[in-house]
2 protein chains.
Amino acid sequence: MNIGAAAARSGVSAKMIRYYESVGLIGAASRSQAGYRIYGDADIHRLRFIRRARDLGFSVEKITALLGLWSDKGRSSASVKSLALAHIDEIRRQIGELQSVLATLEDLAQHCHGDNRPDCPILDDLSHGRPQ
Amino acid sequence: MNIGAAAARSGVSAKMIRYYESVGLIGAASRSQAGYRIYGDADIHRLRFIRRARDLGFSVEKITALLGLWSDKGRSSASVKSLALAHIDEIRRQIGELQSVLATLEDLAQHCHGDNRPDCPILDDLSHGRPQ
DNA sequence: GATGGGGCTTCCCACGATGGGAAGGTCAAG
DNA sequence: CTTGACCTTCCCATCGTGGGAAGCCCCATC
């Protein structure tokens, strides 16, 4: 299977497959006589794993660790879980930050009458760091 | 005031002040005879505005629009509010995505016993796209 | 007046993950 | 054999930020 077919079957673009190879997330694919990369079912499986993990927000670096645990038959589920929990904490932190920003903006927008007058608490806040 | 002092007083690094100038977010600063950038209180004010807006997650592009409205005495608060509301929607969307990912990960982590056995629903999900 | 240290300048590079595109080789169908 | 789709490598761009080098400038201290 060429890289295009592998991309279609894995949901990872050809561009990204080459990129993942360049950063060592997947090993160098074997090549045809013409130099085309050749992939098998195991590669598709691995690429789908990567795709799913990316969708869940894991960085390439974290996925490297996950892939190591995935292929390590003797690993403990505890080590996988700790990676997942760390990621969960990170996401919770991001959500918290966004919610804080959101609350500020909602508050500002609520106090902005939004008509044709130029007075605007939003700009006042941006300008002075404090409402009014 | 030189760029270092302006950075200290605005909370925007000297690097970023030069960057904002290069992308047109702030005008080119006047220069001393030696070529040093010179800033005044109005510039500090503008930089603080930018800093605050960045903290609230506005992109440089959006800040360009906000700055335009800020300096336009005849603008309506409605136009500012619509920018803010669009940003609010964007943040809500981001929070929603993160919450969806979080729910998935929490579910997976909850079903991973996290002991020394190798069975791990997290890796199973990443591997097959569906638990088990 | 010389010297040193810190600040300023511009320019290049890096991040992370992704896409775009050019130039050139290859394959398969007609 | 031609044509079009596919593959290769290489470079560039994104977005906002930081690091660092080479070279000039300013001020204080000796």
Side-chain angles (χ1 to χ4, degrees), chain A residues 1-26 28-40 43-44 46-67 87 90-91 94 97-98 101, chain B residues 1-26 28-40 43-44 46-67 87 90-91 94 97-98 101:
Chain A
M1 179 173 14
N2 285 337
I3 198 172
R9 286 183 49 189
S10 67
V12 177
S13 74
K15 279 274 189 190
M16 292 316 298
I17 295 177
R18 295 193 195 98
Y19 172 73
Y20 292 152
E21 180 182 318
S22 80
V23 297
L25 192 48
I26 56 180
S30 55
R31 301 286 185 127
S32 73
Q33 275 192 323
Y36 285 20
R37 288 175 180 80
I38 302 174
Y39 298 94
D43 300 306
I44 301 305
R46 193 174 178 90
L47 286 170
R48 282 189 184 147
F49 182 105
I50 293 170
R51 173 63 203 271
R52 175 87 176 125
R54 286 292 303 137
D55 285 348
L56 288 175
F58 286 92
S59 69
V60 165
E61 193 179 4
K62 284 181 178 175
I63 297 176
T64 303
L66 285 173
L67 282 170
H87 191 42
E90 170 68 11
I91 293 178
Q94 287 177 23
E97 276 184 18
L98 285 175
V101 166
Chain B
M1 180 175 11
N2 286 338
I3 198 172
R9 285 184 50 189
S10 66
V12 177
S13 74
K15 279 274 188 187
M16 292 315 299
I17 294 177
R18 296 193 194 97
Y19 171 73
Y20 292 151
E21 179 182 319
S22 79
V23 298
L25 192 49
I26 56 182
S30 55
R31 302 284 186 130
S32 73
Q33 275 191 323
Y36 285 20
R37 287 175 180 79
I38 303 174
Y39 298 94
D43 301 305
I44 301 305
R46 193 173 178 91
L47 286 169
R48 283 189 182 147
F49 182 104
I50 293 171
R51 172 65 203 270
R52 174 89 176 123
R54 287 290 303 140
D55 285 347
L56 288 176
F58 286 92
S59 69
V60 166
E61 194 180 4
K62 284 181 179 174
I63 297 175
T64 303
L66 285 172
L67 282 169
H87 191 43
E90 171 69 11
I91 292 177
Q94 288 176 23
E97 276 183 19
L98 285 175
V101 166

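Every chain is numbered from 1 and lettered A, B, ... according to where its sequence line falls, protein lines coming before strand lines.
- Rounded to whole Å, atom P of D:dC27 lies 12 Å from atom CD of B:Q33.
- Neither OP1 nor OP2 of D:dG16 sits under 4.0 Å from any side-chain N or O of B:R51.
- Atom CG of A:L25 is separated from atom C1' of C:dG16 by 13 Å (rounded to the nearest Å).
- When side chains are defined from C-beta on, B:L67 does not count as touching B:I26, because their heavy atoms never get closer than 4.5 Å.
- Between B:S13 and D:dT17, a side-chain N or O to OP1/OP2 separation shorter than 4.0 Å is absent.
- Within the structure, every side-chain polar atom (N or O) of B:R18 is placed at least 4.0 Å from both OP1 and OP2 of D:dG16.
- With sequence neighbours left out, B:R37 forms a side chain to side chain donor-acceptor pair (under 3.5 Å) with B:E21.
- Where B:I38 and A:R54 each meet DNA chain C at their nearest nucleotide, the meeting point lying more 5' is that of B:I38.
- The side chain of B:A34 approaches D:dC26 more closely than any other nucleotide in the set D:dC7, D:dG16, D:dC26.
- Rounded to an integer number of Å, the gap from CE of A:M1 to P of C:dC27 is 18 Å.
- Side-chain contact between B:E97 and B:V101 is absent, with no heavy-atom pair separated by less than 4.5 Å.
- Taking the side chain of A:R31 as heavy atoms from C-beta on, and the options D:dC7, C:dC8, D:dT9, the nearest nucleotide is D:dT9.
- Between A:Y36 atom OH and D:dC6 atom P the separation is 11 Å, expressed in whole Å.
- Looking at heavy atoms from C-beta onward, B:D43 lies out of side-chain contact with B:M1 at the 4.5 angstrom threshold.
- Atom OH in A:Y19 sits roughly 17 Å away from atom P in D:dC11 (whole-Å rounding).
- Between B:N2 atom CG and D:dC26 atom P there is a gap of 10 Å when expressed in whole angstrom units.
- The nearest whole Å value for the distance from the NZ atom in A:K62 to the P atom in C:dA17 is 11 Å.
- Annotation: of the two residues near DNA chain D, B:V60 and B:S32, the 5′-most nearest-nucleotide partner is B:V60.
- In this structure, A:K15 places its NZ atom 12 Å from C1' of D:dC7, rounding to the nearest Å.
- Residue B:A7 comes nearest to B:S13 through the heavy atom pair CB-C, 4.0 Å, listed as atom of the first residue, atom of the second, then distance.
- The phosphate of C:dC8 (OP1 or OP2) has no side-chain N or O of B:R37 nearer than 4.0 angstrom.
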